[in-house]
There are 2 protein chains.
Amino acid sequence: MVDITIKDVAALAGVSAATASRVLSGNPATSPQARDKVAAAAIELDYRPNAQARALRSTRSDSIGLLVPDVRNPFFADLAHTVEQAALSEGYVTLLGNANEQKEQQDRYLETLISRRVDGIIVAPLGDGGGSIRSLIEREVPTVFVDRTVDGIDVPTVTTDSAVGIRQTVEHLASLGHTRIGYISGPQATSTGRDRYAAFAAAVTDAGLSQDLDLVYFGDFQAASGSAGVHVLLELNDPPTALLAADSLMAVGAIAILHKLGLRIGTDIALVAFDDIEWFALLDPALSVISHSVEDMGRIAFDLLLEVIAGQTPQSVVLPSELVIRASSSVPILPASSRRKN
Amino acid sequence: MVDITIKDVAALAGVSAATASRVLSGNPATSPQARDKVAAAAIELDYRPNAQARALRSTRSDSIGLLVPDVRNPFFADLAHTVEQAALSEGYVTLLGNANEQKEQQDRYLETLISRRVDGIIVAPLGDGGGSIRSLIEREVPTVFVDRTVDGIDVPTVTTDSAVGIRQTVEHLASLGHTRIGYISGPQATSTGRDRYAAFAAAVTDAGLSQDLDLVYFGDFQAASGSAGVHVLLELNDPPTALLAADSLMAVGAIAILHKLGLRIGTDIALVAFDDIEWFALLDPALSVISHSVEDMGRIAFDLLLEVIAGQTPQSVVLPSELVIRASSSVPILPASSRRKN
DNA sequence: CGTGGTCGTGGAATCGATTCCATGGAATCG
DNA sequence: CGATTCCATGGAATCGATTCCACGACCACG
């Protein structure tokens, strides 16, 4: 690697390194001549400042960290995209990390981000408030949580009020005649897993539907557990006639297994998924979803982070969710006798 | 931000910064007593080395850059995931950037990665060899291209031999009776766009099918252009009876518009997509695809990068592709007279 | 008992950029 | 015209960690 330093630029321009630095960082205390010479020299040499050295001295790195639980989850891919675009427009680079829904990898990435002295971190956290999450707070690294929260850790967050969408969904399914709704839950180690489960339980109770605990399967937000959940729920003596999956990947797993079992979604069994993904509208039948805005979530998270970096303590934001009804949950339930058996 | 430096650790341990540094970086020239005291002090203070300062002095940053054209494209999300896992297992952190299929943003990210002095860069490049791509080479930054190449830039690459899968697809469609295959191409500014188009043209010629130029639509690898392509191709006086989309996002766009037009995929029109995405198997009918291994591509790209960083010049690798036949292209073509009109 | 060698250690230089401080020349004012 | 302010500039300190170099302590050998 051929490295060109500010001294090379200064030498070619015939000024000192100090002056070169001033010109290159837009310090007004420079003469037009110096400005021209340094600018020309920098272009001539194709000079790129060493971000390491700059950050070392000025204690800012113009970079933020974004830690998501799974890049392959379209929701988080979209989130990464919007955060990155928002950050870029403010001159920040986003270092994206992937925790793979594993606390261990999350900790490893947080360590790295801390030691790289990023200016701030946006994280969709998992696990409890232990490990590196705690370090983050103790070291006063500007931090914002997205999508999920952590008990006992008080940082600004951007979350979705899942309860509204889930209540709408349960009421919608109840109005179609469903009395037994199967719920494929997220892990209780995540706040979204817990919140959505609580919202589901409350909505089911209020709607006067079956509160049979067997109707809940606890997955891990990954596709395979969606398949497993469907398997378990359909094995019940009195299986559900409708399913609600707590995230898109588990919904994908559920769809795959329902296809394999020969069950027609929307006719034999209703299905609704949390998270609105472009692909869901393309399925046949199109999937009903509980929708919330990733764009808003990403942009607001970054805005909050900027405020935290500036030393303020902004209020947390809760975004709405709402049911979008499509073909996968629009047909009234058939009498049990006329339903196909698998 | 509360920062604890190596001096704090050294002071608490009662040794000099030099000794503390030696202990912490595993230098053998240290006494057991010093080792114990420094280790205890580091834990006591929850010390994290400043990666900036370390990288500044030692000229390695233990990080690599990965630049993809679009994180929201499942193929690249998967690629990011595999590269990241491979890198992590070797102690490297991956800084992921998103070019958004725009040369300008690609250049901006490359600038940033260069100035952060990453140890190496894996990039799925776009555009010609100008701009920052050229700087990369001139500065001898260890670089590996994945998925795509750039004319005139000679760095190790990992690509897919699209020709085999495309030839299989054309032959397969021909055997079902299709004579007019519509092709939704990627942009000719990318090597994959050009290669796949050339492969398609050659295969069509060899199979003795229509070489009508109107049957080719040039898209941009994004969903909207898939929809536009279908629109244009179906407007032809003699429209195609089968479609091949050059990537998954354009296939998604194509599927969306075909649904809207009321055309049944697999029956009214055959459809095959390049890139095997989990979701494609879930569609009804399941989508035939040209499959190639992202896992191999990501892992090999990282292996090559390690070799380049070590000063070697490894051979480029070309991975195979193959047709996977599913329901979207398995029914022989119906006589034109019996087909539905849109 | 003196010399040579090993070994752990601390001081100081270093990486590249930024920034404080002092300097000298030009400009402005009384 | 002398005194004061202003401003561009270069020298030097600085950020935090690594590493070269030299020093002193200790052991061993002749």
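Per chain, numbering begins at 1; letters A, B, ... match sequence-line order. Because the structure is a prediction, the values reported are computed rather than measured.
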A.B. asks: Side chain of B/I6 only, please: which of C/dA17, C/dG16, D/dT18 is the nearest?
C.D. replies: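 For B/I6, the side-chain atoms sit closest to D/dT18.
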
A.B. asks: With a cut-off of 3.5 Å and sequence neighbours excluded, list every side-chain donor-acceptor pair involving residues 308-317 of chain B.
C.D. replies:
from: B/S316; atom 1: OG; to: B/T157; atom 2: N; distance (Å): 3.0
from: B/S316; atom 1: OG; to: B/T157; atom 2: OG1; distance (Å): 3.2

A.B. asks: Distance check: side-chain N/O of A/T30 vs OP1/OP2 of D/dA8, anything under 4.0 Å?
C.D. replies: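 Checking A/T30 against D/dA8: no side-chain N or O falls below 4.0 Å of OP1 or OP2.
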
A.B. asks: At under 4.0 Å, does any side-chain N or O of A/S31 touch on OP1 or OP2 of D/dT9?
C.D. replies: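 The answer is yes; a side-chain N or O of A/S31 sits under 4.0 Å from OP1 or OP2.
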
A.B. asks: Run the side chain to side chain contact (heavy atoms under 4.5 Å, CB included) check on A/M297 and A/T82 step by step: do they pass?
C.D. replies: CA-CA 9 Å; A/M297 183 171 275; A/T82 53; over 6 Å; no

A.B. asks: Would you kindly give the CG-to-C1' distance between B/D62 and D/dT18, to the nearest whole Å?
C.D. replies: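 Between C1' of D/dT18 and CG of B/D62: 14 Å.
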
A.B. asks: Tell me which nucleotide among D/dT18, C/dG16, D/dA17 gets nearest to the side chain of B/S21.
C.D. replies: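 Comparing D/dT18, C/dG16, D/dA17 against the side chain of B/S21, the answer is D/dT18.
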
A.B. asks: Counting only side-chain N and O atoms of B/T19, is one of them less than 4.0 Å from OP1 or OP2 of C/dG10?
C.D. replies: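 It does, given that an N or O in the side chain of B/T19 lies less than 4.0 Å from OP1 or OP2 of C/dG10.
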
A.B. asks: Of the candidate nucleotides C/dA17, D/dA17, D/dT9, which contains the atom at the shortest distance from the side chain of A/A34?
C.D. replies: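 So the nucleotide nearest the side chain must be D/dT9.
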
A.B. asks: For B/L110 and B/I133: C-alpha separation, side-chain torsions, deciding distance, then whether side chain to side chain contact (heavy atoms under 4.5 Å, CB included) applies.
C.D. replies: CA-CA 8 Å; B/L110 285 178; B/I133 293 274; 4.0 Å; yes

A.B. asks: Given atom CG of B/N27 and atom C1' of D/dA17, what is their separation to the nearest angstrom?
C.D. replies: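 That distance rounds to 14 Å.
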
A.B. asks: Is A/S61 reaching over with its side chain to a backbone N or O of A/R117, donor-acceptor style, under 3.5 angstrom?
C.D. replies: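 Side chain of A/S61 to backbone of A/R117, a donor-acceptor pair under 3.5 Å: yes, one is there.
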
A.B. asks: Just report the end-to-end axis angle for the helix from C/dC1-D/dG30 to C/dG30-D/dC1, five pairs per end, to 10 degrees.
C.D. replies: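 The angle separating the two end axes equals 50°.
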
A.B. asks: Can you tell me how far P of C/dG16 sits from CG of A/L24, to the nearest Å?
C.D. replies: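 Between P of C/dG16 and CG of A/L24: 16 Å.
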
A.B. asks: Is there a side-chain polar atom (N or O) of A/R57 under 4.0 Å from OP1 or OP2 of D/dT14?
C.D. replies: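 So the side chain of A/R57 is outside the cut-off, no N or O lying under 4.0 Å from OP1 or OP2 of D/dT14.
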
A.B. asks: Please identify which of these residues, A/Q102, A/E101, A/Q105, meets the side chain to side chain contact (heavy atoms under 4.5 Å, CB included) condition with A/L126.
C.D. replies: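 Between A/L126 and the candidates, side chain to side chain contact (heavy atoms under 4.5 Å, CB included) is satisfied uniquely by A/E101.
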
A.B. asks: Does B/S132 reach the main-chain N or O of B/S135 with its side chain, forming a donor-acceptor pair under 3.5 Å?
C.D. replies: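 Looks like no, no N/O pair under 3.5 Å.
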
A.B. asks: How long is the line joining CD1 of B/I114 and C1' of C/dG16, in whole Å?
C.D. replies: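 For the pair B/I114 CD1 and C/dG16 C1', the rounded distance is 17 Å.
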
A.B. asks: Find the distance B/R60:CZ to C/dG16:C1' and express it as a whole number of Å.
C.D. replies: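 Atom CZ in B/R60 sits about 19 Å away from atom C1' in C/dG16.
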
A.B. asks: Starting from C1' on C/dT18, measure out to CD on A/Q52 and report it in whole angstrom.
C.D. replies: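 The distance from CD of A/Q52 to C1' of C/dT18 comes to 15 Å, rounded to the nearest Å.
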
A.B. asks: Does B/A29 or B/A53 map to a spot on DNA chain C nearer the 5' end, using the closest nucleotide for each?
C.D. replies: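 That would be B/A29.
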
A.B. asks: Run the side-chain donor-acceptor check on residues 85-96 of chain A: report pairs under 3.5 Å with partners two or more places apart or on a different chain.
C.D. replies:
from: A/S89; atom 1: OG; to: A/A86; atom 2: O; distance (Å): 2.8
from: A/Y92; atom 1: OH; to: A/R60; atom 2: NH2; distance (Å): 3.4

A.B. asks: Atom CZ of A/R22 and atom C1' of D/dG10: how far apart are they, to the nearest Å?
C.D. replies: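 Distance, rounded to whole Å: 8 Å.
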
A.B. asks: How many Å lie between CG on B/N50 and P on D/dT18, as a whole number?
C.D. replies: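 The answer, rounded to whole Å, is 10 Å.
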
A.B. asks: Which listed nucleotide (D/dG16, C/dA17, D/dT18) is nearest to the side chain of B/T5?
C.D. replies: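 My answer, after comparing the listed nucleotides, is D/dG16.
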
A.B. asks: Strictly below 4.0 Å: does A/Y47 bring a side-chain N or O up to OP1 or OP2 of C/dG16?
C.D. replies: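 No, because none of the side-chain N or O atoms of A/Y47 sits under 4.0 Å from OP1 or OP2 of C/dG16.
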
A.B. asks: Would you kindly compare B/S58 and B/A18 by the position of their nearest DNA chain C nucleotide and give the one closer to the 5′ end?
C.D. replies: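 Result of the comparison: B/A18.
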
A.B. asks: Which residue is it: A/D8, A/I6, A/V38? I am looking for the one with a side chain to side chain contact (heavy atoms under 4.5 Å, CB included) to A/Y47.
C.D. replies: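 When side chain to side chain contact (heavy atoms under 4.5 Å, CB included) is applied between A/Y47 and each of A/D8, A/I6, A/V38, only A/I6 qualifies.
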
